[in-house]
Amino acid sequence: MKKYLFLLLTALAMAVTFTSCSSDDDDNSSFTLSQSEITLKVKTGVTQLTASTKGIDWSSEIPFIAAVNHEGNVRAVHVGETNIIAKKDGHTQKCKVTVLPNFTTFVEPITEFDKSKEYIISKLGTPDVNEGETITYGKSEDYQVTSYTFKNGKLNRCMVALRATDSRVVQLPMFFIERYEQKTSTIDGMVAYFNAPNEKEATMYVLFDPDYKYGHYWIYYTKK
């Protein structure tokens, strides 16, 4: 009986020792960040992320929205959300970054191209106009009217009309720069923007017609 009790106690002691060593190893190789979420203003917002250990490899999931350097200094680039990634010795920590605009001149359309009309309606509710391959939200007297055009049942283009007499339209150039990069040349005479650090990586164009027609400024969202 004493022999069995001795063996049991020895096994328990070894298990405790092993568990203690494993915990110490985890504590030595894992780390924490100074913040788990941060909010910055576009173009002007910067902050410093720090970790509880040195030698961190910093990166951004979407550098187009927020960039980070090798010291953990985060800079807001365009409006949106992304994560700053910190890695060391196989361990990873994330900090969510929300970049807020200075200008909220109008509500941008849903740009999930190739989605169905039913999908857009499920997100936005019953449209004011539903005719054939086009649905429209807003009325002619409103500041903003947004239309969605479908091709073969899939979203192909979005169009926004803004009343030209409204003072908010003077903000449009700043509004676009906070969200997109500007193309050096025009497309069909319109100012063109794209949704990536460079045009090659872009998936969408935003076209702004600076010459208002029918009392409205017109903005078009199309697949690249």
Side-chain angles (χ1 to χ4, degrees), residues 23-113 115 119-120 122-124 144 146 158 160 162 167-183 191-206 208 219 221 223-224:
S23 178
D24 288 343
D25 288 344
D26 287 343
D27 289 343
N28 289 334
S29 59
S30 62
F31 61 93
T32 59
L33 297 181
S34 56
Q35 300 178 76
S36 60
E37 293 188 19
I38 55 177
T39 300
L40 301 171
K41 277 286 189 176
V42 67
K43 301 298 183 185
T44 59
V46 294
T47 194
Q48 179 71 49
L49 275 178
T50 60
S52 59
T53 187
K54 297 181 180 180
I56 296 295
D57 180 18
W58 299 96
S59 63
S60 173
E61 283 187 349
I62 311 177
F64 183 72
I65 293 174
V68 63
N69 66 10
H70 67 281
E71 297 178 340
N73 193 303
V74 182
R75 177 174 57 88
V77 182
H78 293 96
V79 174
E81 292 183 353
T82 187
N83 287 307
I84 298 301
I85 309 298
K87 292 184 178 182
K88 184 180 180 181
D89 298 333
H91 290 264
T92 300
Q93 296 290 346
K94 292 184 178 182
C95 175
K96 179 182 178 182
V97 180
T98 301
V99 179
L100 299 177
N102 295 299
F103 299 96
T104 54
T105 309
F106 69 95
V107 179
E108 292 195 283
I110 294 174
T111 55
E112 296 180 64
F113 295 107
K115 291 291 187 179
Y119 174 83
I120 301 299
S122 73
K123 294 292 184 180
L124 299 177
Q144 176 176 344
T146 304
C158 310
V160 175
L162 301 177
S167 60
R168 284 173 285 183
V169 297
V170 300
Q171 302 172 358
L172 286 172
M174 293 83 78
F175 177 91
F176 292 126
I177 288 300
E178 287 188 343
R179 293 159 174 80
Y180 306 101
E181 288 294 310
Q182 185 173 348
K183 183 176 168 65
V191 182
Y193 303 87
F194 50 86
N195 63 338
N198 57 74
E199 191 174 358
K200 184 179 180 179
E201 298 178 25
T203 60
M204 179 179 73
Y205 284 126
V206 181
F208 168 53
I219 302 144
Y221 292 75
K223 289 190 295 184
K224 178 173 174 289

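Keep in mind that the numbers below use all heavy atoms, side chains included, and drop hydrogens, waters and symmetry copies.
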Applying ring-ring contact (aromatic ring centres under 6.0 Å, His included), name anything that partners F176, two or more places apart in sequence or on another chain.
Y193, F208

Excluding sequence neighbours, so at least two apart, what forms side chain to side chain contact (heavy atoms under 4.5 Å, CB included) with T92?
I85, K87

What pair of heavy atoms forms the shortest contact from F194 to A202, and how long is it?
CB-CB, 3.6 Å

side-chain hydrogen bond (donor to acceptor under 3.5 Å, both in side chains) involving Q93 - partner list, sequence neighbours excluded
none

Side chain to side chain, E108 and F175, heavy atoms closer than 4.5 Å
yes

Only pairs at least two apart or in different chains count here, so list each salt bridge (Lys or Arg N to Asp or Glu O under 4.0 Å) that has a residue in residues 46-64.
E61-K94

Determine, step by step, whether F106 and V169 satisfy the side chain to side chain contact (heavy atoms under 4.5 Å, CB included) criterion, reporting the C-alpha distance in whole Å, the side-chain angles of both residues, the deciding distance to 0.1 Å, and the verdict.
CA-CA 9 Å; F106 69 95; V169 297; over 6 Å; no

Got a sec, which residues hit side-chain hydrogen bond (donor to acceptor under 3.5 Å, both in side chains) with T203, two or more places apart in sequence or on another chain?
N195

Output the distance between atom CG (D89) and atom OG1 (T53), rounded to the nearest 0.5 Å.
8.0 Å

Going by side-chain hydrogen bond (donor to acceptor under 3.5 Å, both in side chains), name the residues that satisfy it together with K115, two or more places apart in sequence or in a different chain.
none

Rounding to 0.5 Å, atoms SG (C158) and CD1 (I219) come to a distance of 12.0 Å

Qualifying side-chain hydrogen bond (donor to acceptor under 3.5 Å, both in side chains) pairs, either residue in residues 64-80, two or more places apart
H78-E181

Roughly how far apart are L172 CG and L162 CG, rounded to 0.5 Å?
6.0 Å

For the student: nearest non-hydrogen atoms of V77 and A67, plus distance
CG2-N, 3.9 Å

Donor-acceptor contact below 3.5 Å, side chain E178 vs main chain N102:
yes

Give a yes or no on whether the backbone of S52 and the side-chain of T32 come within a donor-acceptor separation of less than 3.5 Å.
no

Inter-residue atom distance I84.CD1 - L33.CG, 0.5 Å rounding:
10.0 Å

Which residues pass the side chain to side chain contact (heavy atoms under 4.5 Å, CB included) test with Q171, not counting sequence neighbours?
F103, T105, M174

Between I56 and A51, what is the shortest heavy-atom contact and its length?
CG1-CB, 3.6 Å

What residues form a side-chain hydrogen bond (donor to acceptor under 3.5 Å, both in side chains) with T82, not counting sequence neighbours?
none

If you look at every heavy atom in I65 and V79, which pair is closest and at what distance?
CG1-O, 4.2 Å

Among residues at least two apart in sequence or on other chains, which ones pass salt bridge (charged side-chain N to carboxylate O under 4.0 Å, His left out) with E201?
none

Sort and list the pairs that fulfil side-chain hydrogen bond (donor to acceptor under 3.5 Å, both in side chains) and have at least one residue in residues 38-50, not counting sequence neighbours.
S34-T50

Under the side chain to side chain contact (heavy atoms under 4.5 Å, CB included) rule, collect the residues that match up with K96, sequence neighbours excluded.
E37, E81, N83, T98

For T104 and P101, the nearest pair of non-hydrogen atoms, with its separation, is CG2-CG, 3.8 Å

To the nearest 0.5 angstrom, please state how far the CG atom of L49 sits from the SG atom of C95.
4.5 Å

Any side-chain heavy-atom pair from F31 and H91 closer than 4.5 angstrom?
yes

So which heavy atom on S60 is nearest to which on V68, and how close?
N-CG1, 3.8 Å

